[in-house]
Amino acid sequence: MRNVQATQLMFELSRPGRRANMLPECDVPTNSLGDLYPASTLRATAPELPELSEGDVVRHFTNLSTLNMSVDTHFYPLGSCTMKYNPKRNERLAGLPGIVDLHPLQPDESVQGMLQLLYELQGYFAEISGLPAVSLQPAAGAHGELTALMAAAAYLRDRRESRINVLCPDSAHGTNPASAKMVGFNTITIRSRADGSVDMDDLRSKVDEQTAVFMITNPSTLGLFEKQIRAIADLVHSAGGLIYLDGANMNAIMGIARPGDFGADMMHYNPHKTFSGPHGGGGPGAGPICVQDFLEPYLPVPRVEKRNGRFVLESDYPKSIGRVRSFQGNIGVLVRAYCYIRAYGATGIREVSENAVLNANYLLARIKPLLPVPNGDRCMHEFVASAAALKKEKGITAMDLAKRLLDFGFHAPTVYFPLTVPEALMIEPTETESKETMDAFVRAVETILGEDAAAVQAAPLSTQISRPDEVRAARKPVMRWQASQ
Ligand SMILES: *Cc1c(COP(=O)(O)O)cnc(C)c1O
């Protein structure tokens, strides 16, 4: 896997005078740049760009592209992220000229097809969620959380209620409390019981007239369906609070259970997870939200509506929180979600979830004899194994194991999340992986567990970079090449 050519920078490969192509002299008169742009905006000397042949450039970028793992090249069991295969058909359809050549400022009349697609997609999202009012505008899941909480805050203000607390279980994704804080709420953590479910006693002691919203991920980040969800919703509703459903795990329940039916007032989807949009390094996400009728007046504008058989962008909602993103959101991801839903249809979408759950339970059953799964008799679409015993016995941590898996050609699972499981390894095969791939993954884990601790601790050996300082890489990324001083 180590690829020497790709380790050199284009600047290092550069040779003076080398060119990608040779064009005949231009016989069309050209204005000098000075006629077109003010002199103050022009640079005095040409930029020092690398000088390379076309072959150098193509090889450089092609080789670079092989240094990463992706769903197109490797099994990618990243829990919570739903790294399923991205159907190429969706890419083709989203790349049709009639879609990519649209300008977002075109008049509604000239983009009826796109507006119809968005309108129908709103309907599909409403149907799958059981929540009737939809906004496609938010840019990703976390942005959906923020937008829905802003709508909830506007609703509460409208009712002259000064509820200030948002409650989140201790297994919640970090974006949940972060979004609540950004909207100006206080956050309160609700304990989970040993079996991973919400501790109802703790919840009861913290729900009161100050409760604005209870945010819950169901199925949870432990891959468990919260069976008390109706009781939780009744408790929160009877105190005048609202239920937010983090829909990142909808891949487990589509066509089987609807958040609107089990008590949610609002939710977001992650189309880049559930509806197969390429994500991570592969592209942007989207964070459409669905809400109950009583929250509809507060949704972002403009809204896509149908009037007398025509589709329009309507902004006449005086109580709306306004715009949260430019234009209609990340259209490219939404088009892929539309294609995905249309391709599968109602029964196919349900099968997606059934197979995601079946695959996860197969893998759970095979991993459990190797690594303890604290909450794992059965799971939904993912499960969380623990390397705590392995660490104690052999000194091999969840991180070591995850790093060593890279050498076997498997992307690492999510590690150290949720925080409630020590040395957590969160594994989600998704419905798109075969039994053979999952078996190969189990064999790799088995092999690694039989290895010397020192070998595992030194992993990965096959990647370009072995163990970066992850905090520094995230906080102080080096985004620019600099000539060595
Ligand atoms: C991915 C995820 C989010 C955030 O979604 P983004 O689209 O990454 O912003 C929130 N909650 C859970 C449980 C998630 O897995």
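Worth saying up front: this structure is predicted, and the values here are computed from it rather than measured. One-based numbering, in listed order, for ligands and for the atoms of each.
For atom 15 (O) of ligand 1, the nearest non-hydrogen atom from the set Gly247, Ser220, Ser80 belongs to Ser80. Proximity annotation for atom 7 (O) of ligand 1: of Glu145, Met215, His272, His272 comes nearest, heavy atoms only.
Around the CZ atom of Arg378, the shell of radius 6.0 Å holds no more than 12 heavy atoms that belong to other residues, nucleotides or ligands. Dense packing is recorded around NZ of Lys206, with more than 12 heavy atoms of other residues, nucleotides or ligands lying under 6.0 Å away. Lys476 NZ: 12 or fewer foreign heavy atoms inside a 6.0 Å radius.
Screening residues 196-240 for ring-ring contact (aromatic ring centres under 6.0 Å, His included) gives Phe225-Phe262 as the qualifying pairs, with residues at least two apart or on separate chains.
Within the 4.0 Å heavy-atom shell around ligand 1 one finds Lys273.
In this structure, atom 6 (P) of ligand 1 lies nearest to the protein heavy atom Gly141 N, 3.5 Å. Among protein heavy atoms, the minimum distance from atom 5 (O) of ligand 1 is reached at Asn270 ND2, 2.9 Å.
Considering backbone and side-chain N/O atoms, Asp246 comes within less than 3.5 Å of an N/O atom of ligand 1. Between Asn176 and ligand 1, no pair of N/O atoms sits closer than 3.5 Å.
Taking the charged nitrogens against the carboxylate oxygens, Asp439 and Arg443 have no contact shorter than 4.0 Å, which rules out a salt bridge.
When non-hydrogen atoms are compared, ligand 1 lies under 4.0 Å from neither the backbone nor the side chain of His143.
Proximity to Ala142 (heavy-atom distance under 4.0 Å) selects the following atoms of ligand 1: 4 (C), 5 (O), 6 (P), 9 (O).
A tilted orientation is assigned to the rings of Phe275 and Phe125, their planes being inclined by 30° to 60°. Ring pair Tyr155/Phe294 is tilted by interplanar angle, where 30° to 60° counts as tilted.
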